[in-house]
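In what follows, every chain begins at residue 1, and chains take the letters A, B, ... in the order their sequences are listed. Side-chain atoms are counted along with the backbone in the values below, which use heavy atoms only and exclude waters and symmetry mates. The model shown is predicted, which means the values in this text are computed figures rather than measured ones.
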Protein chains: 2
Amino acid sequence: MKNHFIDRLRTSGLRPTKQRVEICKILFDRKETFHFTIDRLKKIIEKNTKSKISLATVYNTVHAFKNNGYVKEISLHGNKTFFDTNSENHHHLYDQETGDLLDIRNEDILLSKVPPLPKGKKIKKIEITISIENNSHNQKK
Amino acid sequence: MKNHFIDRLRTSGLRPTKQRVEICKILFDRKETFHFTIDRLKKIIEKNTKSKISLATVYNTVHAFKNNGYVKEISLHGNKTFFDTNSENHHHLYDQETGDLLDIRNEDILLSKVPPLPKGKKIKKIEITISIENNSHNQKK
DNA sequence: AATTAACTTATAATGATTCTAAAGTAGAAG
DNA sequence: CTTCTACTTTAGAATCATTATAAGTTAATT
């Protein structure tokens with residue numbers, strides 16, 4: 001419920017405004033991971049509340065959530081930036097044909113060898129994206 | 001030398017213009033892999049030739065090379081698109097602090113388990129990016 | 001050399017993201 | 001409960017990367 005989000009915002013130093021709570025509802029009030037772009041999120045908010053929200057507010061709030069570790073930015077080709085409400089370390093299956101983006105569970109993937117790192121450096125993050133396509137592509141003749 | 005590039009362009013159906021040959025020299029006349037953004041490439045060309053080149057030409061040519069498999073687009077966070085003259089299947093080490101981007105050789109990395117794919121889909125491409133940072137971050141107390 | 005399709009160019013258009021400055025609101029203090 | 005202040009939201013302008021356009025230029029063919 002609402003209080004849950006308010007606590008979450010407070011502990012991040014964010015004032016629980018009407019807009020932020022509304023965004024929280026959409027992003028975090030769900031079982032499944034949610035992948036979104038800023039403008040899609042904006043459209044959903046406006047449909048849900050039947051009122052306008054400023055684009056800048058959506059950007060600011062999502063970035064605040066990102067900085068506080070509630071959402072994660074995803075690297076994909078293309079012009080728009082995607083975010084993911086699953087901020088744990090995990091990976092993605094991406095279908096460029098349909099635009100579908102699916103989380104890969106940690107137990108479903110295993111990187112068993114990593115390269116030597118430059119002196120004085122350590123791993124900060126590993127991102128694996130597996131792009132998929134229909135079986136019919138490049139079929140054997 | 002020059003003829004090498006001209007052949008390479010011809011076999012891709014690209015006319016070997018002055019500008020394209022110049023871009024070829026910068027991209028392919030080197031031992032090491034080269035990672036670049038469009039505007040950095042433009043600056044290098046202008047420095048080398050001491051004359052201007054149109055931004056649109058750089059974009060068009062790099063995209064033509066991409067479509068012909070001479071360069072590869074790299075997914076990284078951030079606003080600018082990076083390209084890589086190593087168009088083989090390979091992966092990257094990325095140091096966000098310095099902006100350094102290094103190729104990982106195929107024998108230095110091993111993905112030993114991949115997730116189940118949706119029905120009728122197959123793997124098209126796998127991209128792994130390992131972000132690194134200085135050892136001094138989050139040091140044990 | 002003449003012809004033509006491909007190419008380069010400068011500039012305009014677009015689209016995503018960020019900035020700005022003014023008006024609104026949450027929370028603290030009285 | 002009112003006042004005050006700092007934080008927020010907002011609309012619109014500004015910016016940045018990229019793509020489109022239309023006019024002039026060039027490579028290759030005759």
(request) Tell me, please, which residues at least two apart from B:Asn79 pass side-chain hydrogen bond (donor to acceptor under 3.5 Å, both in side chains). (result) none

(request) Determine the contact category for B:Ile53: base if any of its heavy atoms lies under 4.0 Å from a base atom, sugar-phosphate if only primed atoms, P, OP1 or OP2 are that close, otherwise nothing. (result) sugar-phosphate

(message) My understanding is that only residues two or more places apart in sequence, or in another chain, count here; which of them pass side-chain hydrogen bond (donor to acceptor under 3.5 Å, both in side chains) with B:Glu46?
(response) B:Lys42

(request) Would you please name every residue forming a side-chain hydrogen bond (donor to acceptor under 3.5 Å, both in side chains) with B:Thr37, sequence neighbours left out? (result) B:Asp39

(message) So, using side chain to side chain contact (heavy atoms under 4.5 Å, CB included) as the criterion, who are the partners of A:Asp100 when residues are at least two apart?
(response) A:Asp95, A:Thr98

(request) Using only side-chain N and O atoms of B:His63, determine if any of them is under 4.0 Å from OP1 or OP2 of D:dT19. (result) yes

(message) Reading DNA chain C in the 5' to 3' direction, which nucleotide is the first one with an atom under 4.0 Å from a heavy atom of chain B, and which is the last?
(response) C:dA5 to C:dA10

(request) Assess the pair B:Tyr94 and B:Phe82: is the distance between their ring centroids shorter than 6.0 Å? (result) no

(request) Using modelled atom types only, decide if a donor and an acceptor are shared between the side chain of A:Lys72 and the backbone of A:Glu88 within a distance under 3.5 Å. (result) yes

(request) Sequence neighbours left out, what passes side chain to side chain contact (heavy atoms under 4.5 Å, CB included) with A:Ile45? Give chain and number order. (result) A:Glu22, A:Ile23, A:Ile26, A:Leu41, A:Thr49, A:Ile53, A:Val58

(message) So if I take residues 69-77 of chain B and measure heavy-atom distances to DNA chain D, which residues fall below 4.0 Å?
(response) none

For nucleotides 20-29 of chain D, print each protein N/O atom paired with a nucleotide N/O atom at under 3.5 Å, atom names and distance only.
{"residue": "D:dA28", "atom": "OP1", "partner": "B:Arg10", "partner atom": "NH2", "Å": "2.5"}

(request) Measure from CD on A:Glu46 to C1' on D:dT9 and round the result to the nearest Å. (result) 13 Å

(request) Can you sort out the partners of B:Phe36 under ring-ring contact (aromatic ring centres under 6.0 Å, His included), two or more places apart, ordered by chain and number? (result) B:Phe34, B:Phe83

(request) Check the surroundings of atom CD in B:Glu107: do more than 12 heavy atoms from other residues, nucleotides or ligands lie under 6.0 Å from it? (result) yes

Check nucleotides 14-17 of chain D for protein N or O atoms closer than 3.5 Å to its own N or O atoms and list the pairs.
{"residue": "D:dA17", "atom": "OP1", "partner": "B:Lys80", "partner atom": "NZ", "Å": "3.3"}

(request) Indicate whether any N or O donor in one side chain lies under 3.5 Å from an N or O acceptor in the other, for B:His90 and B:Asp103. (result) yes

(message) Is the ring pair B:Tyr70/B:Phe65 parallel, tilted or perpendicular, if the boundaries are 30 and 60 degrees?
(response) tilted

(message) The criterion is side chain to side chain contact (heavy atoms under 4.5 Å, CB included); which residues satisfy it with A:Leu110, sequence neighbours excluded?
(response) B:Ser112, B:Lys113

(request) Could you name each residue pair satisfying side chain to side chain donor-acceptor pair (under 3.5 Å) that touches residues 54-68 of chain B, not counting sequence neighbours? (result) B:Lys66-B:Glu73

